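First the structure, in the form of structure tokens, and then the observations on it.
Proteins get letters first, then strands, A, B, ... in listed order; numbering begins at 1 in each. On a predicted model such as this, the values are computed, not experimentally measured, just so you know.
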Amino acid sequence: MNSLVVVLNLVAASLFIIGLKMQQRVPTARKGNLLSAVGMLLAVVVTLVGLGKVDWTFILAGLVIGSAIGLFFAYRVKMTAMPQMIAVFNGLGGGASAVVALSLVYHDVLERSVPDIGTAMGMDAAITVALSILIGGVTLTGSLVAFGKLQELLPGNPTLLPGRHGILAVVGLGTLAAGTWLAGFASGHGQIQAALWVLTGLSLVLGVLLVIPIGGADMPVVISLLNSYSGLAAAMTGFVIRNQMLIITGSLVGAAGIILTRIMCKAMNRSLANVMFGGFGAADTSTGTQGEYQNVKSSGLDEAAVILEGAQSVIFVPGYGMAVAQAQHALRDLAEALQRRGIQVRYAIHPVAGRMPGHMNVLLAEANVPYEQLVEMDQINPEFRNTDVVVVLGANDVVNPAANRDQKSPIYGMPILNVHEARTVLVVKRSLGSGFAGIKNELFEAPNTLMVFSDAKAALNGILEELKGS
Amino acid sequence: MEAFLAGLTVFVLAVFLGFEVISKVPPTLHTPLMSGANAISGVTLVGALYTAASAQADVAGLLGLLAVVLATVNVVGGYAVTDRMMKMFRKGK
């Protein structure tokens, strides 16, 4: 019986891995996700059968309530709100691992007459229980803060507390101390209970402190990192209940999050430490390269339409502003109108455009843009110099040529889309306001740039009207 | 201790496997990948089921119930929303 459970769990783990592998290509991705879900169903059924004769009340209630909530939000959420949705789900996953660990301590230690956690569960389980609470707790509150920032319930720019590094160090060390106390030293129910809840409380505070100083545009890194944490928390739970399937699965997710984190950091030319602790984008870092704009040329929608109409090749560069303006459908309409006139249309996607990895791709997919037309930065960059018109929609820092030329710029060295090499650049933007890095964008005063001062959606619809009229 | 070392071995190997499999996912699929991976991390549900099985209204049982709810939202919601996204990706004519 027991070995059958192990074998079936191994099958479930294999399904997760095959499922992820199928997500390497768009045509098989959806099936891969389904296969992974089948693996999950198998893992749950095997566990339920393995439990034998138990009272099913809580299990069934939990599964029904959780499924209802999950499905409700999964089908209700708008694609533009996907980053905060993923943040919340992530937090719940991490939170679940922490709560499992808490529950296990009560179940195996506090509701029995055993002196300390090491004797009751084994030293290895005692340590991983503490880690599970720590990582899970940080994931929960960190994700909720990220959600608050993305949903604009909290200020999007970094919140820098005075002496924040000191506070963080104290809370961090306190968390480690509480964890060590719980796993190794607390004896008697009173002490164990105290250690348990101090650890829980400090972990929750730590999650808030870690994410609150990070600005909105750095959210792709934060979400990827929290994704990794939720996996690690699950892996720790696997160590506690000695379930290898859980360890395998948790570490796969942990690895996925780390890879995405690394890609995001590289795309901003910043270290993870700088993103986490640098307070980038806060008011005090944004001085220096500011300055008045000179010789900015602007264009009306009619002129923009004429320029687009005369082009042979057009590249659109979407950014977070497109998501805010919900302009993805208007963009698709304009792109199709241009294509009908025989103009080549492509989209250039910077890795950190938007608020999570792949954000722009999902929005454009929602608007029915074929994914082959979306081109990654490295592939599209050599193409700009042979392109007639580039339309920048709500992107700013990722098209700032200062990143290539100005060694004093805070974004120097960050890989950008070289849109300034195109013959004409149309920048659709509501004002000359600065982007997340808080610096001036040289692109706006380049001789081949025309600013279209408008909301992205209104501009795209307006240009389309002009095209139809001509 | 032996179980722990076996677990650690599996953990390290699985991290390497994860790097191999996931670094080949194209950027266009990064969002669904993340939300799919997220759903998978709800596998902690398995642990939650153990602790909820007592179904007693003591601290352990109630925490177990809470854990089952949280993990199930993560799993079911995560897979559903990933499927919704992946359905949208289409090839050009």
Side-chain angles (χ1 to χ4, degrees), chain A residues 16 20-21 23-24 26 29-30 33 37 47 51 54-55 57-59 62-63 65-67 69-71 73-74 86 89-90 92-93 95-97 99-100 102-103 106-107 124 227 230-231 234 237 239 241-242 244 247-249 251-253 255-256 259 357-358 361-362 365-366 370-372 376, chain B residues 3-4 7 10-11 14-15 18-19 21-25 27-31 33-38 40-44 46-49 51-53 55 58-61 63-83 85-86 88-92:
Chain A
F16 291 139
L20 280 174
K21 211 171 148 47
Q23 295 182 30
Q24 289 172 358
V26 180
R30 194 175 174 204
N33 184 54
T47 309
L51 287 174
V54 294
D55 188 335
T57 327
F58 279 14
I59 291 179
L63 289 174
I65 297 170
S67 304
I69 299 174
L71 287 175
F73 285 106
I86 290 183
F89 278 169
N90 233 330
L92 295 186
S97 289
V99 177
V100 169
L102 285 171
S103 169
Y106 272 91
H107 189 265
D124 53 334
N227 191 34
S230 73
T237 308
F239 278 107
I241 63 171
R242 301 197 168 82
Q244 300 222 343
I247 299 177
I248 296 174
T249 314
S251 37
L252 284 177
V253 179
I259 288 179
N361 306 73
V362 167
E366 185 204 9
Y371 62 86
E372 300 99 324
E376 293 169 43
Chain B
F4 176 73
V10 167
F11 177 77
V15 170
F19 280 143
V21 173
I22 287 146
S23 50
K24 295 200 187 92
V25 174
T28 209
L29 287 174
H30 276 168
T31 294
L33 165 74
M34 204 163 54
S35 98
N38 197 359
I40 298 177
S41 75
V43 70
T44 199
V46 166
L49 293 174
T51 61
D58 53 15
V59 182
L63 285 173
L65 172 63
L66 176 64
V68 174
V69 173
L70 294 179
T72 309
V73 173
N74 188 204
V75 167
V76 175
Y79 278 122
V81 87
T82 308
D83 187 62
M85 279 192 276
M86 281 172 167
M88 298 183 321
F89 284 90
R90 67 173 191 102
K91 263 181 116 65

Work out which heavy atom in [X] is nearest to a heavy atom in [Y]; give both atom names and the distance.
X      : Y      : value
A:G95  : B:L70  : C-CD1, 4.0 Å
B:R90  : A:E372 : O-OE1, 4.1 Å
B:G18  : A:I259 : O-CD1, 4.2 Å
B:V76  : A:S67  : CG2-OG, 3.7 Å
A:S251 : B:A14  : OG-CB, 3.1 Å
B:N74  : A:G93  : OD1-CA, 3.1 Å

Roughly how far, to the nearest 0.5 Å, is the CZ atom of B:F19 from the CG atom of A:L252?
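If I round to the nearest 0.5 Å, the distance is 11.0 Å.
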Distance (rounded to the nearest 0.5 Å) between A:N33 CG and B:M85 CE
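Taking CG in A:N33 and CE in B:M85, the distance rounds to 9.0 Å.
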Sidechain-backbone polar pair: A:E366 side chain, B:M88 backbone, donor-acceptor under 3.5 Å
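Side chain of A:E366 to backbone of B:M88, a donor-acceptor pair under 3.5 Å: no, none is there.
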Do any N or O atoms from the side chain of B:T31 and from the backbone of A:G358 form a donor-acceptor pair under 3.5 angstrom?
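Yes.
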Engaged part of B:L49 at the chain A interface, taking heavy atoms whose separation is under 4.5 Å:
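Both backbone and side chain of B:L49 come within 4.5 Å of chain A.
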Let me know if B:V75 has heavy atoms under 4.5 Å from chain A in its side chain, its backbone, both or neither.
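Side chain of B:V75 only, per the 4.5 Å heavy-atom cut-off to chain A.
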Measuring heavy-atom distances to chain B, does [X] have an atom under 4.5 Å in its side chain, in its backbone, in both, or in neither?
X      : value
A:L102 : both
A:E376 : side chain
A:R242 : side chain
A:L63  : both
A:Y371 : both

Counting heavy-atom pairs under 4.5 Å to chain B, which of [options] comes out on top?
options               : value
A:A256, A:A37, A:G231 : A:A37
A:V26, A:V54, A:V99   : A:V99
A:G66, A:A29, A:G70   : A:G66
A:T57, A:I248, A:T237 : A:I248
A:I69, A:V362, A:L71  : A:V362

Passes side-chain contact (heavy atoms from CB on, under 4.5 Å), B:V21 versus A:Q24? Steps please.
CA-CA 8 Å; B:V21 173; A:Q24 289 172 358; 3.9 Å; yes
Max heavy-atom pair count under 4.5 Å with chain A, selected residue of B:G36, B:P27, B:G64, B:A48:
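Top count of heavy-atom pairs under 4.5 Å with chain A: B:P27.
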Please determine, among B:V10, B:V59, B:V25, B:L33, the option with the most heavy-atom pairs under 4.5 Å with chain A.
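The candidate making the most pairs under 4.5 Å is B:V59.
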For A:N227, all residues meeting side-chain contact (heavy atoms from CB on, under 4.5 Å), sequence neighbours excluded
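Once residues adjacent in sequence are excluded, the partners of A:N227 under the side-chain contact (heavy atoms from CB on, under 4.5 Å) criterion are A:N90, A:S230, A:V253, B:M34, B:A37, B:N38.
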How would you list, by chain and number, every residue that makes a side-chain contact (heavy atoms from CB on, under 4.5 Å) with B:A60, sequence neighbours excluded?
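Counting only residues at least two positions away or on another chain, B:A60 forms a side-chain contact (heavy atoms from CB on, under 4.5 Å) with A:S103, A:Y106, A:H107, A:E111, B:D58.
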List the steps and the verdict of side-chain contact (heavy atoms from CB on, under 4.5 Å) for B:I40 and A:L20.
CA-CA 10 Å; B:I40 298 177; A:L20 280 174; 4.2 Å; yes
Given side chains that start at C-beta, do those of A:I65 and B:T72 come closer than 4.5 Å, heavy atoms only?
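No; the side chains remain at least 4.5 Å from each other.
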